[in-house]
Amino acid sequence: MARIVVGVSGASGTILAHRLIQALSTLGHNVELIISRDASLTILKEMGEEFASPQKFVKSFSEELRARIRLHHADDFSAPIASGSYRFDACVIVPCSMATLAAISTGLADNLLRRAADVALKEKRRLVLVPREAPFNEIHLENMLKLSRMGAVVFPPIPAWYMLPQSLEEMEQFMISRLLDQLGIVADIMPRWGES
Ligand SMILES: Cc1cc2nc3c(=O)[nH]c(=O)nc-3n(C[C@H](O)[C@H](O)[C@H](O)COP(=O)(O)O)c2cc1C
């Protein structure tokens with residue numbers, strides 16, 4: 001089973017983090033979770049009061065799934081994932097704010113989430129970033145290009161209308177299935193193009 005670091009930063013799209021953790025833990029994978037300080041506000045605005053602290057966010061999963069989720073405080077640099085000697089298979093920042101994107105692209109590891117992404121880069125492990133902003137300015141684009149050239153996968157949460165999603169949830173599930181592909185997790189949770 002894989003060990004995946006999931007960082008949630010303060011961009012819009014926090015439900016994607018929840019859906020991804022649900023999928024990973026349901027599939028039996030282990031999640032090392034970090035929620036940035038500012039993400040608590042976006043979670044509050046988008047998901048409601050009952051999710052709006054890291055502890056409440058984790059509590060929203062079933063007991064069985066919670067057993068596979070390890071929550072880290074965003075300031076805890078003594079956490080195992082802050083070190084390259086600790087093995088994890090991939091790191092995903094979902095959603096990724098422009099602030100966190102800029103920090104990662106310049107090596108500014110000033111919270112655990114940014115440090116874990118820095119570790120993934122230095123150890124040449126899979127790093128997937130889900131940047132959410134519109135429109136992108138030149139700084140955002142330059143940061144994405146820089147990180148892509150370093151091997152990170154830049155995966156903005158852009159819908160695919162050709163899949164004819166019938167609801168927001170279906171569209172989000174499609175994104176999650178593509179995200180799992182990028183994390184190297186084999187799971188056919190949605191039909192693929194050309195498949196029924
Ligand atoms: C409701 C709300 C929505 C936001 N959406 C975005 C967004 O989509 N993208 C972004 O880059 N920042 C967004 N922000 C701003 C970030 O939260 C802010 O830059 C924050 O400092 C990011 O910190 P973090 O990357 O450490 O989590 C939003 C803020 C709020 C309150």
Side-chain angles (χ1 to χ4, degrees), residues 4-21 31-58 60 69-79 81-82 88 90-122 126-148 150 152-160 165 168-169 171-176 178-179 182-183:
I4 308 290
V5 175
V6 178
V8 185
S9 73
S12 182
T14 50
I15 185 69
L16 293 174
H18 199 275
R19 292 202 189 289
L20 179 66
I21 295 165
V31 172
E32 307 269 358
L33 174 65
I34 320 133
I35 298 179
S36 80
R37 188 200 58 201
D38 292 346
S40 290
L41 182 56
T42 41
I43 292 170
L44 172 70
K45 298 284 182 203
E46 297 184 339
M47 299 181 66
E49 181 65 52
E50 66 272 32
F51 295 87
S53 76
Q55 291 72 20
K56 287 182 186 172
F57 194 87
V58 171
S60 67
I69 303 168
R70 180 151 65 148
L71 176 67
H72 302 281
H73 193 283
D75 291 332
D76 182 11
F77 289 106
S78 69
I81 52 172
F88 59 78
C91 174
V92 54
I93 310 297
V94 54
C96 183
S97 74
M98 296 304 102
T100 288
L101 181 79
I104 298 169
S105 79
T106 53
L108 182 67
D110 59 348
N111 67 26
L112 183 61
L113 184 160
R114 296 169 183 188
R115 170 66 188 166
D118 200 54
V119 168
L121 281 177
K122 84 182 176 78
R126 222 180 271 253
L127 174 63
V128 180
L129 305 169
V130 184
R132 213 303 317 176
E133 188 48 276
F136 291 124
N137 67 28
E138 215 169 303
I139 298 170
H140 305 151
L141 292 165
E142 276 181 358
N143 287 337
M144 284 188 267
L145 179 61
K146 189 174 169 189
L147 285 161
S148 173
M150 280 188 243
V153 173
V154 179
F155 184 108
I158 300 175
L168 198 53
E169 187 176 340
M171 198 185 76
E172 290 159 357
Q173 278 309 101
F174 174 73
M175 288 176 193
I176 297 306
R178 300 304 327 278
L179 253 184
Q182 292 303 324
L183 291 169

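Indexing begins at 1, ligand by ligand and atom by atom, following the structure's order. Because only heavy atoms are used, hydrogens play no part in the values below, and waters and symmetry mates are left out as well, while side chains stay in.
- Within 6.0 Å of the NZ atom in K122, the count of heavy atoms belonging to other residues, nucleotides or ligands exceeds 12.
- Remark: L145 CG is packed, more than 12 non-hydrogen atoms of other residues, nucleotides or ligands lying under 6.0 Å away.
- The single protein non-hydrogen atom nearest to atom 5 (N) of ligand 1 is S12 N, 3.4 Å, given as residue, atom name and distance.
- E133 and H140 share no donor-acceptor pair across their side chains, judged by distance under 3.5 Å alone.
- Judged by distance alone, with hydrogens and angles left aside, the side-chain atoms of S148 form no donor-acceptor pair with the main-chain N or O of M144 at under 3.5 Å.
- Here the protein heavy atom with the shortest distance to atom 22 (C) of ligand 1 is S97 OG, 3.7 Å.
- Where the criterion is an N or O separation shorter than 3.5 Å, residue side chain and backbone included, L41 fails it with respect to ligand 1.
- In this comparison of D38, L101, I43, the heavy atom closest to atom 18 (C) of ligand 1 sits on D38.
- Proximity of R114 to ligand 1 is established by a heavy-atom distance of less than 4.0 Å.
- A side-chain donor-acceptor contact under 3.5 Å links S9 to the backbone of S97.
- Within a 6.0 Å sphere centred on CD of E169, other residues, nucleotides and ligands contribute 12 heavy atoms or fewer.
- Closest to atom 2 (C) of ligand 1 among all protein heavy atoms lies T42 CG2, 3.5 Å.
- Shown in contact with M98 at under 4.0 Å from a heavy atom are these atoms of ligand 1, numbered in order with element: 10 (C), 11 (O).
- More than 12 heavy atoms of other residues, nucleotides or ligands shown are found within 6.0 angstrom of CZ on R19.
- Counting only distance, with no hydrogens or angles, the side chain of E172 and the backbone of L16 share no donor-acceptor pair below 3.5 Å.
- Both the backbone and the side chain of T100 come within 4.0 Å of ligand 1, counting heavy atoms alone.
- In S36, the part holding a heavy atom less than 4.0 Å from any atom of ligand 1 is the side chain.
- Short contacts between ligand 1 and E133, defined as distances under 4.0 Å to a heavy atom of the residue, involve ligand atoms 9 (N), 10 (C), 11 (O).
- Nearest protein heavy-atom neighbour of atom 19 (O) of ligand 1: A99 CB, 4.1 Å.
- Residue S9 has at least one heavy-atom neighbour below 4.0 Å for each of these atoms of ligand 1: 25 (O), 27 (O).
- Using a 4.0 Å cut-off to heavy atoms of R132, the atoms of ligand 1 that qualify are 7 (C), 8 (O), 9 (N), 10 (C), 11 (O).
- Residues R114 and D118 are not paired through a salt bridge, judged by the lack of any N-O separation under 4.0 Å between the basic side chain and the carboxylate.
- The protein heavy atom nearest to atom 13 (C) of ligand 1 is G10 O, 3.4 Å.
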